Amino acid sequence: MTRNRWIQLAGLLVIATIILLACVPIQPGEAPAPPAAAEETDSSEAVTADSGDTEAEAVTSGNLGVPQLSGELISDGVKPPFRTSGFSTDFSRRTVEWDEILSGGPPKDGIPAVDSPQYESIAAADEWLEDLEPVILFSHGDVARAYPLSILIWHEIVNDEVDGLPVSITFCPLCNASITFARDFDGQVLDFGTTGRLRNSDLIMYDRQTETWWQQFTGEGIVGKYAGEQLNFLSSQVISWGDFKEAHPDGDVLSRPNMPRNYGYNPYVGYDSTSRPFLFLGTPDPRLEPAERVLGLTTETEAIAYPFETLEEAGVVHDTFGGVDLAIFHRTGLASALDTSVISKGRDIGAVAVFERQLGDQLLTFSPNEDGTFSDAETGSTWDILGEATDGPLAGERLTPVLHFDHFWFAWAAFFPATELYSPS
């Protein structure tokens, strides 16, 4: 075996050990330590779901559309080539080949979802969160909530209800994919857990009602009753803790579960600069480095990626995609959750946001300010990273947010191989 092959295998073993940390008890205050290997579990009708939900659709009014990626059902009678004990999934129904699904290490629910989330005040959370730490902001109705990545990096899924709307807040560290879904589906409320499986290095979830397996990256059912169906995406945004508490001083903050996890520490040290994504079978698209962050947009038939580096250089990018005039903001002051061992010390990657430029009868043109805000040329109003005018003639107005995704390039290109790559030229 060649020396390079040995190095590659050694790297994969290191990352496998890192992933297993997520399901091994760690006492608060301890640095992550290599655990014993997790033991894999053992085991042995066409449905069209009416997944539309008017309340969920109202939340995503700025959605350009999501791609219809689901392939045709594969009914070849071939059973899974891996052990499936503990699952009641209908394994006769699938839309992907079995060899695309790999074990990530932990067994079913080895990375435990947060099923009974508890919340605390801004003041309480400010005692343990630093201003630059990343949180997922999701708001609905009169409720705005922050979900720190320092918690989600250990749990990956939070099953919640926000002002009457059942949602799942999800984060796959291996793809840097933070995505929010509506849990209302086919006349029931789904609860999600982790299968312990990966596809294109991305989390495969399952719902506890039918045990269908769902691809987190695309929201597709890939194995089971709802294979070929798709969950509803909801708009959320990764911002800094400092920006959240300034914008929502009365907001709710997910509190740390009473579990022995080393919250605030990153078990995937240095992963956001990896050149070899964990358990990724494909060849990374060479147009960018595998772990370069991109902002992704989709329609039902198209996809485009905007490199964070390009957005940071410009501050604001104006573009038209899917027939919509867009303003894409970048603001420095957000730590990477996947860089250093202490999340709050991670390198500054910046926060991004996408909005429709049209506000009423005006098409606004934006430019960045040195203090991290933005100004429009038409009225001189000042805007924040959340798309709210904080000063000037339009103070109090809000831009329409557009559903977008912040992911690693290798994963975006793997799921959307025909994606366009934005270039300012």
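Sequence positions, counted from 1, serve as the residue numbers for this chain. Here the structure is a predicted model, which means the values were calculated and not measured. Heavy atoms only: backbone and side chains are in, while hydrogens, waters and symmetry mates are out.
- Inspection of the Ser168 and Thr170 side chains reveals no N or O donor paired with an N or O acceptor under 3.5 Å.
- Looking at Gln230 and Thr218, their side chains never bring a donor and an acceptor atom within 3.5 Å of each other.
- Salt bridge status for Arg183 with Asp160: absent, with no side-chain N to carboxylate O gap under 4.0 Å.
- Residues Arg357 and Asp319 are not paired through a salt bridge, judged by the lack of any N-O separation under 4.0 Å between the basic side chain and the carboxylate.
- Ring-plane geometry between Phe138 and His140 is classed as parallel, the angle between the planes falling under 30 degrees on a 0 to 90 degree scale with a further cut at 60.
- The closest donor-acceptor contact from the side chain of Arg145 to the backbone of Val253 lies at 3.5 Å or more, if one exists at all.
- Using a 4.0 Å cut-off between a side-chain N of Lys or Arg and a carboxylate O of Asp or Glu, Asp384 and Arg331 do not qualify as a salt bridge.
- Counting only N and O atoms by type, the side chains of Tyr226 and Asp207 include no donor and acceptor under 3.5 Å apart.
- For Phe321 and His404, the gap between ring centers reaches or exceeds 6.0 Å.
- Between Leu198 and Gly104, the shortest heavy-atom contact is CD1-CA, 3.8 Å.
- One side chain, Asp272 or Ser336, offers a donor N or O that lies under 3.5 Å from an acceptor on the other.
- Aromatic pair Phe181/Phe233: ring centres closer than 6.0 Å.
- Here the shortest heavy-atom pairing between Gly333 and Ser240 reads O-CB, 3.4 Å.
- Ser201 places a side-chain N or O within donor-acceptor distance of the main-chain N or O of Phe278, the cut-off being under 3.5 Å.
- Remark: of the listed residues Trp383, Phe366, Phe329, Phe329 is the sole one forming a ring pair (Phe, Tyr, Trp, His ring centres under 6.0 Å) with Phe374.
- Of all non-hydrogen atoms in Ala227 and Thr212, the two that sit nearest each other are N-CG2, 4.3 Å.
- Atom CZ in Arg347 sits 11.0 Å away from atom CG in Leu334 (nearest 0.5 Å).
- Of all non-hydrogen atoms in Val316 and Ser367, the two that sit nearest each other are CG2-C, 4.0 Å.
- In this structure a side-chain-to-backbone donor-acceptor pair under 3.5 Å is present from Ser103 to Gly105.
- Glu309 contributes no side-chain N or O that, together with a main-chain N or O of Glu313, makes up a donor-acceptor pair within less than 3.5 Å.
- Aromatic ring orientation, Phe91 versus Phe87: perpendicular (interplanar angle above 60°, classes split at 30° and 60°).
- Between Tyr206 and Asp191, the side chains place no donor N or O within less than 3.5 Å of an acceptor N or O (distance only, hydrogens not considered).
- Ion pairing between a basic and an acidic side chain is recognised when a charged N comes within 4.0 Å of a carboxylate O; Arg293 and Asp406 show no such pairing.
- Counted by atom type alone, Trp128 and Glu120 present one or more donor-acceptor pairs between their side chains at under 3.5 Å.
- Nearest heavy atoms, Pro257 versus His155: CG-NE2, 3.8 Å.
- Atom-to-atom distance recorded for Glu220:CD and Trp214:CH2 is 10.0 Å, nearest 0.5 angstrom.
- The aromatic rings of Phe82 and Trp213 lie parallel to each other, their planes meeting at an angle below 30°, with 60° marking the opposite boundary.
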